[in-house]
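The structure appears below as structure tokens.
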Amino acid sequence: MTPTRRRRRVDQQQRRTAVWMVSPALVVMFLVAAVPIGYAVWLSLNVYSVRQADLSQFVGLTNYWNALTSPEWWTAFRQTFFFAIVSVGLEIVLGVAMALLLNLAFRGRGLLRSTLLVPYAVLTVVSAITWQAMFESNLGLVTGILRALGLPGGEHVWLAEPGYAMTVIIVADVWKTAPFVALLVLAGLQVIPPDVYEAADLDGASRWQTFWRVTLPLLRPAIALAAIFRLLDALRVFDLPFVLTKGASGTETMSMLAYQELREGRLIGPGSALSILTFATVMVVSLVYIRFAGGNIRDVAKES
């Protein structure tokens, strides 16, 4: 047997071994993910009643057509994307700033890095209740400070007015998840070779020029990874608006709309269709993002 054929045979055996080793995980992933999604798709193609027996019937794409032609869906769609874009944008900016600060050498840096995880470790529901108390119209800490200083917003009922309610949700989300972005960016800072900074110093670059032309380009893979994680999570947001406003005052998201149809309206078919549309929206956004930022994400995979 020639060396080429022997190598080819070894490669085939390794592929078969890899397939057998990965197969159990693929089966579990299929049962955990694909089966529920498939069942939800089937429910979305039917009118299904939990109150009356023998009332179910196949209606095809009618539920999807009704959802896509309803103003409620497009309102929730716009509000979800507004929340996602603003909150993720602020988290990226604050996360990069926090990572640059934590990357400096100073006493107590380890303690500060550990403290950074506290907001992210807090349950989202607990965080939402805390922010709800802080913006309570009469006894809230934030509204009380605004009134005491004579600043705008002190007399407003933040969680009951459009614009103000969305602001509270965005602030709560940024407070909780900006540390997550900071940790990812900090990991990217740790792998930047010191030689590039030494070369920048020899070239006479200022701190701003070093950050803009050296640090930021080298951080793009980490920032791209953090952005896609946060963007996909923000597009599925449910818990913050559910606890803070119940979707009122211009804060209803796609996930909340599907929940209201499924749980409160008991409309299984339309609610499942809204859930599938939310899932499809997140999938399309992820595919588009990876298409244009996939190179940076692959760079992270190679570095790890």
Please tell me if the side chains of Trp73 and Met254 come closer than 4.5 Å, counting only heavy atoms from C-beta onward.
yes
Check this for me: Trp74, atom CH2, are more than 12 non-hydrogen atoms of other residues, nucleotides or ligands nearer than 6.0 Å?
yes
Approximate separation, where rounding is to 0.5 Å, of Leu257 CG and Ser275 OG
9.0 Å
For Arg213, I'd like to know if atom CZ has over 12 heavy atoms of other residues, nucleotides or ligands within 6.0 Å.
no
Note: Val237 and Leu240 closest approach over all heavy atoms is CG2-CB, 4.4 Å
Calculate, to the nearest 0.5 Å, the distance between atoms CG and CG belonging to Leu90 and Asp173 respectively.
10.0 Å
Give me the ring orientation class for Phe242 and Tyr259: parallel if the planes are under 30° apart, tilted from 30 to 60°, perpendicular past 60°.
perpendicular
Using the six-membered ring wherever Trp is involved, compare the ring planes of Phe180 and Tyr120 and label them parallel, tilted or perpendicular (cut-offs 30° and 60°).
parallel
Heavy-atom pair of closest approach, residues Ala178 and Met98:
CB-SD, 4.4 Å
Min side-chain heavy-atom separation Leu189-Thr215 under 4.5 Å
yes
Starting at CZ of Arg230, measure out to CD1 of Ile223 and round the result to the nearest 0.5 Å.
15.5 Å
Between CG on residue Leu274 and CG on residue Asn66, distance to nearest 0.5 Å
10.0 Å
Any donor-acceptor pair under 3.5 Å linking the side chain of Ser249 with the backbone of Ala160?
yes
For residues Ser127 and Ala172, report the shortest heavy-atom separation together with the two atoms involved.
OG-O, 4.4 Å
Looking at every non-hydrogen atom in both residues, tell me the closest pair between Asn63 and Gly269 and how far apart they are.
ND2-C, 3.5 Å
side-chain contact (heavy atoms from CB on, under 4.5 Å) for Gln132 and Leu159? Distances and angles first, verdict last.
CA-CA 8 Å; Gln132 186 180 46; Leu159 296 176; 3.7 Å; yes
Under 30°, 30 to 60°, or over 60°: which ring-plane class applies to Phe211 and Trp208, parallel, tilted or perpendicular?
tilted
Does the side chain of Lys176 reach to within under 4.5 Å of the side chain of Thr124, using non-hydrogen atoms?
yes
About how many Å separate CG of Leu102 and CG of Leu186, when rounded to the nearest 0.5 Å?
6.0 Å
Can Val282 be reached from Met29 by stepping across I, L, V, M, F, W or Y side chains whose heavy atoms are under 4.5 Å apart?
no
Once you round to the nearest 0.5 Å, how far does OG1 of Thr251 lie from NZ of Lys246?
10.5 Å
Check for a donor-acceptor pair, side chain of Tyr289 on one end and backbone N or O of Ala224 on the other, with a separation under 3.5 Å.
yes
Atom of Ser272, atom of Ile268 and distance for their closest heavy-atom approach
OG-O, 2.7 Å
Taking the side chain from Gln57 and the backbone from Val47, do they hold a donor-acceptor pair closer than 3.5 Å?
no
Please check if Ile145 and Val171 belong to a single hydrophobic cluster, counting links between Ile, Leu, Val, Met, Phe, Trp and Tyr side chain heavy atoms closer than 4.5 Å.
yes
Path from Leu68 to Leu61 over hydrophobic side-chain contacts below 4.5 Å
yes
Keeping Thr143 on the side-chain end and Glu136 on the backbone end, is there a donor-acceptor pair under 3.5 Å?
yes
Parallel, tilted or perpendicular: which fits the ring planes of Phe77 and Phe81, with parallel below 30° and perpendicular above 60°?
tilted
Close side-chain approach of Trp131 and Met134, heavy atoms under 4.5 Å
yes
Quick check: is Leu244 connected to Leu141 through a chain of hydrophobic side chains (ILVMFWY, heavy atoms under 4.5 Å apart)?
yes
Compare every heavy atom of Ile276 with every heavy atom of Ala40, then report the nearest pair and how far apart it is.
CB-CD1, 3.9 Å
When clusters are formed by joining ILVMFWY residues with side-chain heavy atoms under 4.5 Å apart, either directly or through shared neighbours, do Val157 and Ile169 land in the same one?
no
Test log, rule side-chain contact (heavy atoms from CB on, under 4.5 Å), inputs Leu146 and Trp158:
CA-CA 12 Å; Leu146 292 175; Trp158 282 72; 3.7 Å; yes
Does Thr245 reach the side chain of Val168, with side-chain heavy atoms less than 4.5 Å apart?
no
